[in-house]
Amino acid sequence: MKILLEWPRSSTYDRESFVGGVEKWVSNIYDLLLESEHDVTLLVPNDTITTDPNIILGPLKSRPYDNKKEGNTHKFDFKTFYEFVEERYDDYDVILLSSMMTSGVLRKNFEGILDKILYMQHYYELTKAAIPTFTAIFNQLAIIQAGGKVLSPNDWVANETMKAYRTREWEPRIRTQRIRDWEREKWGDTLESQGFYNGRFDIVHYLEDAHDLKPVKKDKIVFVGRPVVDKGFIQAINVMLKLDKNGWDCHVYTREENLTKQQTIKAMEMVKESGINLHVNTLHSDIMESLSDTHIMLWPTLKETCGLVGYEGVIHGCKVIYEVANASFDREETSQYFKKKYTRQKDMERLNKVLNNV
């Protein structure tokens, strides 16, 4: 099977930098497919520097997270991107997309490529009743109706996506700016018969890059994630500020972003003024090493689809705290459980199960 795999448009292809969950996921999918009987090509933004013969540069630069809309971050030319994919449609059996499809141009102008699309939905943003959500989920309906596959990681994502749609489906602004009546008529039957997803996928994220467990540092506590409200950044920092005063060894691993919400700006200022160890754009391998002797990982995320950071915490024997709870915890046993469950072989079996149903 020949597969065109999209690298997320939010970043250049860089395996070692501080990467988000989707980048980790695509990296692992790419590695698995390279070792399989399948033929994979990775499509990356054209500002990527690489000599990998299995990689092709796309027509556009990356679009980093930048809510201040500076540089090339404010606009993504979806028409040019999908034209590039369309030109290569006959070369591949599967087009595995990884970025949010927040432009109606896909379903309106490129229906001819929809039947080969496999889209595994990772983004918690689609569980919000926001304007871009409606464009994205109607693209999903168009893919399903054309014979493509749109998969969710769990029932929570499927249910919350539907809830987000029902909340504002008849709002005048949605009907005039995003989903017009002819679109509801064209894809409405698919919505009612199948919903926004026509399958599920188990998490695909082998954990072989984990480090061996080191003697645990009982006073070490870590947060790993983007400095945004939805990732629980505010809650984690509030806890760490208190623990820092009591002598705990506190670490925050995050990436550089232009913060726009006053809450997160204030929280970051307080981190810099405290004794908390702030690590920005740290190499992924260095984060994994740091986790290997960590006692507690704070993970107070508000919305999560797959939660790869949590998996990386438990395989290193961290107590991953989502909310306060009393539970027994065997560090070694927990680490071994995840090491055995998420191997390359078992992840390849999960991935082949998905591909065989395309």
Do Glu23 and Ser98 pair up side chain to side chain, a donor and an acceptor below 3.5 Å, judged on atom types alone? no

4.5 Å side-chain heavy-atom contact, Leu96 and Leu5: yes

Steps toward salt bridge (charged side-chain N to carboxylate O under 4.0 Å, His left out) verdict (Glu192, Arg166): CA-CA 12 Å; Glu192 299 305 326; Arg166 296 300 187 196; 3.3 Å; yes

Flag side-chain contact, heavy atom, 4.5 Å: Ile3 against Asp93: no

Dump the intermediate steps for side chain to side chain contact (heavy atoms under 4.5 Å, CB included) on Tyr119 and Leu151, then the final yes or no. CA-CA 6 Å; Tyr119 182 59; Leu151 311 181; over 6 Å; no

Can Asp91 and Lys2 be said to form a salt bridge (charged side-chain N to carboxylate O under 4.0 Å, His left out), step by step? CA-CA 8 Å; Asp91 298 334; Lys2 293 185 176 181; over 6 Å; no

Quick one: are Pro227 and Met268 in side-chain contact, heavy atoms under 4.5 Å? yes

Relative to the ring of Tyr82, is the ring of Phe78 parallel (under 30°), tilted (30 to 60°) or perpendicular (over 60°)? parallel

NZ/NE/NH1/NH2 to OD/OE distance under 4.0 Å, Glu125 and Lys128: no

Applying side chain to side chain contact (heavy atoms under 4.5 Å, CB included) to Val309 and Met297, what does each step give before you reach the verdict? CA-CA 9 Å; Val309 168; Met297 171 188 279; 3.8 Å; yes

Assess the pair Trp25 and His122: is the distance between their ring centroids shorter than 6.0 Å? yes

Ile174 and Arg168: which non-hydrogen atoms are nearest, and at how many Å? CG1-O, 3.4 Å

May I ask you to test the Leu106-Ile113 pair for a side-chain heavy-atom distance under 4.5 Å? yes

Sort out for me which residue in Asn46, Thr80, Asp77, Val85 forms a side chain to side chain contact (heavy atoms under 4.5 Å, CB included) with Pro59. Thr80

Return yes if some donor-acceptor pair links the side-chain N/O of Ser103 with the main-chain N/O of Val105 below 3.5 Å, else return no. yes

Exercise: identify the closest heavy-atom pair between Arg200 and Tyr197: NH1-CB, 4.2 Å

Heavy-atom count check: over 12 atoms from other residues, nucleotides or ligands less than 6.0 Å from Gln345 CD? no

Ser335 (side chain) donor-acceptor with Arg331 (main chain) under 3.5 angstrom: no

So which heavy atom on Ser99 is nearest to which on Pro8, and how close? OG-CA, 3.4 Å

Which class fits the ring pair Tyr13 and Tyr30: parallel under 30°, tilted 30 to 60°, perpendicular over 60°? perpendicular

Do other residues, nucleotides or ligands put more than 12 heavy atoms under 6.0 Å from the OH atom of Tyr89? yes

Parallel, tilted or perpendicular: which one describes the rings of Phe138 and Trp187, with boundaries at 30° and 60°? perpendicular

Can you establish whether the number of heavy atoms outside Met270 located under 6.0 Å from its atom CE is more than 12? no

For this output row, return yes or no: ring centroids of Tyr165 and Phe196 closer than 6.0 angstrom. yes

Check whether any side-chain heavy atom of Gln235 lies under 4.5 Å from a side-chain heavy atom of Asn238, and answer yes or no. no

Sub-3.5 Å donor-acceptor pair from the side chain of Ser193 to the main-chain atoms of Asp189, do we have one? yes

Do Glu312 and Lys24 meet the salt-bridge criterion of a basic N to acidic O distance under 4.0 Å? yes

Side-chain donor/acceptor of Trp7 to backbone N/O of Thr12, under 3.5 Å: yes

Presence of salt bridge, Glu349 and Arg344, under 4.0 angstrom: no

Are Val228 and Val280 grouped together when hydrophobic residues (ILVMFWY) are joined by side-chain heavy atoms under 4.5 angstrom apart? no

Could you report the tightest heavy-atom contact between Pro45 and Ser62, atom names first, then the distance? CB-N, 3.5 Å

With a 4.0 Å cut-off, would you call Glu183 and Arg107 a salt bridge? yes

Which heavy atom of Leu126 sits nearest to which heavy atom of Thr133, and what is that distance? O-CG2, 3.6 Å

Do Ile321 and Trp299 come close enough that some side-chain heavy atom pair is under 4.5 Å? no

Residues Glu86, Lys79; criterion salt bridge (charged side-chain N to carboxylate O under 4.0 Å, His left out); working and verdict: CA-CA 10 Å; Glu86 184 180 47; Lys79 184 173 183 293; over 6 Å; no

Quick check: are there more than 12 heavy atoms from other residues, nucleotides or ligands sitting under 6.0 Å from CD of Gln263? no

Which atom pair, heavy atoms only, marks the closest approach of Ser292 to His211? CB-CB, 4.0 Å

Chi angles and distances behind the side chain to side chain contact (heavy atoms under 4.5 Å, CB included) call for Met100, Arg9: CA-CA 9 Å; Met100 283 185 66; Arg9 65 174 178 267; 4.2 Å; yes

Can you confirm whether Met162 sits close enough to Leu191 that some side-chain heavy atom of one is under 4.5 Å from a side-chain heavy atom of the other? yes

Would you check, one step at a time, whether the test side chain to side chain contact (heavy atoms under 4.5 Å, CB included) holds for Leu241 with Ile276? CA-CA 7 Å; Leu241 288 170; Ile276 296 173; 3.9 Å; yes

Thr254 side chain vs Gly225 backbone, donor-acceptor pair below 3.5 Å: yes

Evaluate the side-chain proximity of Leu213 to Glu332: yes if any heavy-atom separation is below 4.5 Å, no if none is. yes

Can you tell me if Asp249 and His251 form a side-chain donor-acceptor pair at under 3.5 Å? yes

To the nearest 0.5 Å, what is the distance between CG on Leu355 and NZ on Lys149? 11.5 Å

Flag the pair Asp347 and Arg350 as a salt bridge only when some basic side-chain nitrogen lies within less than 4.0 angstrom of an acidic carboxylate oxygen. yes

Aromatic plane relationship, Tyr311 with Phe338 - under 30° parallel, 30 to 60° tilted, over 60° perpendicular: perpendicular

Salt bridge check, Lys217 against Asp293: does any charged N sit closer than 4.0 Å to a carboxylate O? yes

Salt bridge present between Glu333 and Lys340 (N-O < 4.0 angstrom): no

Please determine if Asp202 and Lys353 form a salt bridge, counting it only when a charged side-chain N lies under 4.0 Å from a carboxylate O. no

Examine distances only and state if a side-chain atom of Ser290 and a backbone atom of Ile287 form a donor-acceptor pair shorter than 3.5 Å. no

Run the salt bridge (charged side-chain N to carboxylate O under 4.0 Å, His left out) test against Arg173 and tell me which residues pass, sequence neighbours left out. none

